[in-house]
J.: 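So that we are looking at the same thing, I have put the structure below in structure tokens.
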Amino acid sequence: MTTKPKSPIWHPFTQHALQEKITKIVRGDGAYLHTADGRRIIDAISSWWVVTHGHCHPHIVSAIQEQAGKLNQIIFAGYTHEPAEELAAQLLKLVPDGLEHVFFSDSGSASEEVALKMAVGYWHNIGKPRRCIVVMQHSYHGDTIGAMSVGARGVFNAPYAPLLFDVTSIPFPVSGREQATLDALESACQNDMPAAFIVEPLILGAGGMLMYPAWVLREMKRICEASDVFFIADEVMTGWGRTGSLFACEQADVIPDIACYSKGLTGGALPLAVTLCRADIFDAHYSTDRTRTFFHSSSYTANPVACAAAKANLDLWHDPETHQRVASVGTMQEEALEVLRADPRFENVRRTGTIAALDLKASDEGYLAELGPKLQASFKQRNLLLRPLGNTIYVMPPYCVTAADLDQIYGSITDAAAALT
Ligand SMILES: *Cc1c(COP(=O)(O)O)cnc(C)c1O
């Protein structure tokens, strides 16, 4: 074991006894991070999937500065404010038609908890209680107890397994075996009387950047609809252009009953999340009977500065240039992958929109594969922020990334593969 770190800070998803050194960042601009010791790092994973337009985007920064001097926090029960009102109105214009109410929270995990509570609360309030939740194998929905319960079980949550509630799990729609997924969903919907099915549309992120086609998403929605089971779209990662469209559900013409957005909601500048729902879910809670209140809140619900940042992000999505950048990142990623498809050291070379992923062939696989930390260390040495999921390497850059940046990223990936295999 190494000597204990000097800092009292306990970092997330970090084994301090194995982590060589924690890098100190002093400044971010665009796709780059600047370290305390004067290096420039390319942020190839958008600082854990949140930074969409680049670090410190001037339009978002100035919106934050302006709001911070006006009103920077206010209780959101019984009070409201302009940034939240404007953001909600603008959001409803962008999301699939049919989502009519907006509930604010401050993280992706919280937005999932809210979604589950909305669904179960609906069935309770209409007097037909349902509690079962159907989930997809390999899913990730966050690290709070409820979010872990509906996510994949494994090394991340084994110690807490006794606290997690039971769910019905359907297989991931592996290419060629999609029907098994649809059959399992249909049978769960018919036999278990589920309150909801929760799923990450088109890509399962933390589960290993596992991709599936839009037609499967559409079929899953159809099956849920036929059995009156709420369809919860977890767009926390897939939202805000990642999959090529503003939201992944658009590609399948799916209107979710409940949708969760976070990460890129503020362009990655401040923590904020929303859970959107259909009118009937709100209506089931709308009553002069106080017991039907939606009992959920966090101290910083709809923080005005975070809402102002999100409003500024929405402004950027009204600019055609943002959409052009998303398309061009997709094209550049595809070109880079083209070369690697022929490389025998890699397999499952894949892309959805701006997200590219590939697996380095290895004898041990999975998140704790020895290869993961070695890869990460080698990328760190090359001034690259990449964080493979086991032997799965993925590139999810901010949309301001350049062709030269991507050259450097993919050059380092092939170098690392050469050194480690
Ligand atoms: C990151 C993520 C979450 C959790 O969001 P936090 O803000 O980290 O709590 C939930 N769902 C998906 C799909 C995610 O990628």
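Indexing begins at 1, ligand by ligand and atom by atom, following the structure's order. Quick caveat: nothing in here was measured; it's all calculated off a predicted structure.
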J.: Pair Arg350, Asp359 - check salt bridge (charged side-chain N to carboxylate O under 4.0 Å, His left out), show working.
T.: CA-CA 9 Å; Arg350 56 198 184 274; Asp359 303 340; 3.2 Å; yes
J.: Output the list of atoms in ligand 1 that are nearer than 4.0 Å to some heavy atom of Ser107, sorted by atom number.
T.: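 Once the distances to Ser107 are compared, the set is 7 (O), 9 (O).
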J.: Could you tell me which atoms of ligand 1, counted from 1 in the order shown, lie closer than 4.0 angstrom to a heavy atom of His141?
T.: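 Contacts of ligand 1 toward His141, numbered from 1: 10 (C), 11 (N).
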J.: Below 6.0 angstrom between ring centroids: does that apply to His81 and Phe76?
T.: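 Yes.
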J.: For atom 7 (O) of ligand 1, what's the nearest protein heavy atom and its distance?
T.: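 Here the nearest protein heavy atom works out to Gly108 N, 2.8 Å.
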J.: Which of the numbered atoms in ligand 1 are under 4.0 angstrom from any heavy atom belonging to Met237?
T.: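 Here the atoms of ligand 1 in question are 15 (O).
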J.: For atom 9 (O) of ligand 1, which protein heavy atom lies nearest, and how many Å away is it?
T.: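 Residue, atom and distance for the closest contact: Ser109 OG, 2.6 Å.
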J.: Heavy-atom count check: over 12 atoms from other residues, nucleotides or ligands less than 6.0 Å from Glu66 CD?
T.: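 No - once you tally the heavy atoms of other residues, nucleotides and ligands closer than 6.0 Å, there are 12 at most.
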J.: Less than 3.5 Å apart, any donor N or O on the side chain of Thr14 or Gln19 sitting next to an acceptor on the other?
T.: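 Side-chain D/A pair, Thr14 to Gln19: absent.
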J.: Tell me the protein heavy atom at minimum distance from atom 1 (C) of ligand 1, and give that distance in Å.
T.: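 Of the protein heavy atoms, Lys263 NZ, 1.6 Å lies nearest.
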J.: With a cutoff of 4.0 Å, is Trp48 in contact with ligand 1, counting heavy atoms of the residue only?
T.: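 Under 4.0 Å: no for Trp48.
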J.: Side chain to side chain contact (heavy atoms under 4.5 Å, CB included) with Tyr261: which of Asp234, Val95, Val236?
T.: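 With Tyr261 as partner, side chain to side chain contact (heavy atoms under 4.5 Å, CB included) holds for just one option, Val95.
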J.: Assess the pair Trp317 and His53: is the distance between their ring centroids shorter than 6.0 Å?
T.: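 Yes, they do, as the ring centres are separated by less than 6.0 Å.
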J.: Any idea which protein heavy atom is nearest atom 11 (N) of ligand 1, and the distance to it?
T.: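 Looking at atom 11 (N) of ligand 1, the protein heavy atom closest to it is Asp234 OD2, 2.7 Å.
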J.: Step by step, work out the salt bridge (charged side-chain N to carboxylate O under 4.0 Å, His left out) result for Glu338 and Arg351.
T.: CA-CA 11 Å; Glu338 216 41 66; Arg351 180 182 70 92; over 6 Å; no
J.: Short list, please: which atoms of ligand 1 are under 4.0 Å from a heavy atom of Trp49?
T.: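 It comes down to these atoms of ligand 1: 15 (O).
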J.: Find all atoms of ligand 1 within a distance of less than 4.0 Å from any non-hydrogen atom belonging to Glu200, and give their numbers and elements.
T.: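 Near Glu200, the atoms of ligand 1 are 13 (C).
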